[in-house]
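Indexing begins at 1, ligand by ligand and atom by atom, following the structure's order.
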Amino acid sequence: TAGNPITCKAAVCWGSGEDLKIETVQVAPPKAHEVRVKVEYTGVCHTDEFTRSGQDPEGDFPVIFGHEGAGIVESVGKDVVNVKVGDHVVLLYTPECGECKFCKSGKTNLCGKIRDTQGKGLMPDETSRFTCKGKPILHYMGCSSFSQYTVVTDISVVTVNPKAPMDKTCLLGCGVTTGLGAAVNVAKIEPGDNVGVFGAGCIGLSVIQGAAQKKAGKIIVVDINDDKKEWAMKFGATDFVNPAKDLKPGESIVEVLTKMTDGGFDWDFDCTGSVQVMRNALESCHKGWGQSIVIGVAAAGKEISTRPFQLVTGRIWRGCAFGGVKGRSQMPGIVQDYMDGKFKVDEFITQRYPLDQINKAFVDMHNGNSIRAVINM
Ligand code: NAD
Ligand code: AHE
Ligand code: ZN
Ligand code: ZN
């Protein structure tokens, strides 16, 4: 009940590169402008693995990962007005306060209000709501959905249609929305445009379905895992290239793609996080106007490079987070669109596990036989 700590299970990562451990944790009650959520389902995104493995320059431990969560509001702190106990919600790692410079700009979905403390794994008062064995445990991306109960700020949560199944809406908290939004909000794909998608995980497949929705011409998918061909085609790709196998001696992937598109892509997307792939994506864009959109996140210390001539000759390099989506304004509509059958979500789920088997989701990701594992909390 409101005001009391809750004892529950959570998957705690005690140190960089370690497996998650199911622990009993205490979850403090929400303070002012905070919300405690009973997490029902969470997806596992490659970014959770990125930080677990120690590649994230902001990564710190011990921590409770997870940022693709859906659940029910258990209690609210003082001054919370946007959600109430019992609401079905989606957690938002990109919050929306509506009043900061970023939110008011109309130019970006990034919100600045809690970014600093969120990056440190803390609530806005610089403390954590999680303890385990007497030690504070860090939050992650303002969500920590790998806990049966979590505390988030009120700007990091949005109420959605309670009829929407939460084992699907969790995936709208990152993967599906990130790719779909990049294709339909960030890029301005016109009918017939040629689109390239590098990496056909949940993010890339979501870009493909967004591009198909926009009636793109060719949708060419590049992945080093042949098993992704069938997946890519199912979501609307027209072609698939495996650069590890399909190149002739001396031929580069950029040459192949440029030939296939009569000069390059109108829009392409990095959905891998590899800086070499990002370069290839930029250089596969059409001279004069092609835009390459970086979605993948790269390891600490990695940098992108290309010849400035690529930009002088009109290619545009940019990126986005959460598909450019403003969560509190847009998520209820996105959930409704899903309910109305306007895009696929159920099809992304390749595995389902209870919380105590969450490490299997990371193994599946490494084996390349998973699009999304959904964890039943
Ligand atoms: P995933 O592991 O499910 O998919 C990645 C795909 O890329 C796999 O199919 C893999 O075979 C392929 N791949 C890897 N290296 C490749 C290479 N060199 N060339 C071609 N293909 C290659 O991951 P995901 O969950 O879809 O996430 C994709 C990336 O997007 C990750 O870096 C993740 O951290 C990032 N991400 C960013 C945002 C954002 O808002 N910017 C949101 C979610 C995820
Ligand atoms: N912390 C990392 C970068 C990680 C990153 O870029 N995260 C994306 C979301 S990935 C979701 O799966 C993001 O939201 N970025 C914008 C932001 O403000 O963090 C680093 O390199 O420091
Ligand atoms: Zn994610
Ligand atoms: Zn804001």
Side-chain angles (χ1 to χ4, degrees), residues 42-53 55-56 65-69 91-105 108-115 140-141 143 145 153 155-156 170-182 186 196-208 221-229 231-232 240-245 253 269-281 293-299 302 319-329 348 350 361-362 364-373:
T42 181
V44 180
C45 172
H46 204 115
T47 306
D48 296 304
E49 168 54 12
F50 163 79
T51 310
R52 188 203 65 82
S53 71
Q55 297 180 71
D56 184 347
F65 289 130
H67 62 281
E68 216 171 57
L91 305 181
L92 301 170
Y93 71 85
T94 305
E96 182 185 353
C97 78
E99 54 200 29
C100 73
K101 183 178 184 181
F102 290 87
C103 285
K104 284 198 304 205
S105 72
T108 178
N109 66 325
L110 301 174
C111 168
K113 179 124 186 237
I114 63 166
R115 181 63 185 81
Y140 181 63
M141 288 175 73
C143 293
S145 56
T153 68
I155 62 170
S156 310
C170 64
L171 300 185
L172 298 174
C174 183
V176 174
T177 304
T178 294
L180 192 67
V186 179
V197 181
F198 295 77
C202 181
I203 310 304
L205 295 172
S206 301
V207 169
I208 297 169
V221 177
V222 181
D223 200 298
I224 50 177
N225 177 354
D226 267 340
D227 296 344
K228 296 298 174 86
K229 177 171 181 176
W231 280 99
F240 181 87
V241 182
N242 180 341
K245 290 173 60 186
I253 183 71
F269 302 82
D270 167 71
C271 310
T272 71
S274 152
V275 294
Q276 183 57 55
V277 171
M278 292 175 195
R279 179 177 191 149
N280 290 338
I293 299 171
V294 173
I295 305 177
V297 299
K302 295 286 185 190
C320 61
F322 198 36
V325 166
K326 286 181 178 257
R328 285 172 61 201
S329 303
F348 288 89
T350 45
F362 291 83
D364 294 330
M365 198 187 287
H366 278 283
N367 290 341
N369 61 9
S370 165
I371 303 300
R372 273 298 190 260

Any idea which protein heavy atom is nearest [atom], and the distance to it?
{"atom": "atom 17 (C) of ligand 1", "answer": "Val277 CG2, 3.6 Å"}
{"atom": "atom 7 (O) of ligand 1", "answer": "Gly199 CA, 3.4 Å"}
{"atom": "atom 24 (P) of ligand 1", "answer": "Ile203 CG1, 3.5 Å"}
{"atom": "atom 29 (C) of ligand 1", "answer": "Cys271 O, 3.7 Å"}
{"atom": "atom 41 (N) of ligand 1", "answer": "Ile295 O, 2.9 Å"}
{"atom": "atom 34 (O) of ligand 1", "answer": "Thr47 OG1, 2.7 Å"}
{"atom": "atom 32 (O) of ligand 1", "answer": "Val297 N, 3.2 Å"}
{"atom": "atom 3 (O) of ligand 1", "answer": "Gly201 CA, 3.5 Å"}

With sequence neighbours left out, what residues match Phe322 under ring-ring contact (aromatic ring centres under 6.0 Å, His included)?
Tyr93
Those residues at least two apart in sequence (or on a different chain) that pass ring-ring contact (aromatic ring centres under 6.0 Å, His included) with Phe269 are none
Heavy atom of [X] under 4.0 Å from ligand 1?
{"X": "Cys45", "result": "yes"}
{"X": "Cys320", "result": "yes"}
{"X": "Tyr93", "result": "yes"}

What's the shortest heavy-atom distance between [X] and [Y], and which atoms?
{"X": "Ile295", "Y": "Cys271", "result": "CD1-SG, 4.1 Å"}
{"X": "Ile253", "Y": "Asn280", "result": "CG2-ND2, 3.6 Å"}
{"X": "Ala361", "Y": "Ala373", "result": "CB-CB, 3.6 Å"}
{"X": "Ser145", "Y": "Gly69", "result": "CB-CA, 3.9 Å"}
{"X": "Cys143", "Y": "Leu91", "result": "SG-CB, 3.8 Å"}
{"X": "Gly319", "Y": "Ile293", "result": "CA-CG2, 4.2 Å"}

For [X] and ligand 1, does the shortest N/O to N/O distance drop below 3.5 Å?
{"X": "Phe198", "answer": "no"}
{"X": "His46", "answer": "yes"}
{"X": "Asp223", "answer": "yes"}
{"X": "Cys202", "answer": "yes"}

Look up atom NZ in Lys326 and atom OG1 in Thr94, then write down how far apart they are to the nearest 0.5 Å.
11.0 Å
Option from Thr350, Ile371, Val44, Asn369 for which side chain to side chain contact (heavy atoms under 4.5 Å, CB included) with Asp364 holds
Asn369
Among Thr272, Asp270, Thr47, Thr51, which residue meets the side chain to side chain contact (heavy atoms under 4.5 Å, CB included) test with Val297?
Thr47
For [X], counting its heavy atoms only, list the atoms of ligand 1 lying under 4.0 Å from any of them.
{"X": "Arg372", "answer": "25 (O)"}
{"X": "Gly296", "answer": "29 (C), 30 (O), 32 (O), 35 (C)"}
{"X": "Ala200", "answer": "6 (C), 9 (O)"}
{"X": "Ile224", "answer": "15 (N), 16 (C), 17 (C), 19 (N), 20 (C), 21 (N), 22 (C)"}
{"X": "Cys174", "answer": "42 (C), 43 (C)"}

Under 4.0 Å, heavy atoms only, figure out whether ligand 1 is touched by the backbone of [X], its side chain, both or neither.
{"X": "Trp231", "value": "neither"}
{"X": "Phe322", "value": "backbone"}
{"X": "Thr272", "value": "both"}
{"X": "Lys228", "value": "side chain"}

Check: [Y] and [X] side chains under 4.5 Å, non-hydrogen atoms:
{"X": "Lys113", "Y": "Glu99", "value": "yes"}
{"X": "Pro243", "Y": "Ile224", "value": "yes"}
{"X": "Arg328", "Y": "Ile155", "value": "yes"}
{"X": "Val221", "Y": "Val241", "value": "no"}

The SG(Cys111)-the Zn ion (ligand 4)-SG(Cys100) angle, to 10°, is 120°
Which of the protein's N, O or S atoms come within less than 2.8 Å of the Zn ion (ligand 3), not counting waters?
Cys45 SG, His67 NE2, Cys174 SG
Across all chains, not counting sequence neighbours, the salt bridge (charged side-chain N to carboxylate O under 4.0 Å, His left out) partners of Arg372 are Glu68
Over 12 foreign heavy atoms within 6.0 Å of CZ, Phe102:
no
Any side-chain donor-acceptor pair under 3.5 Å between Gln276 and Ser274?
no
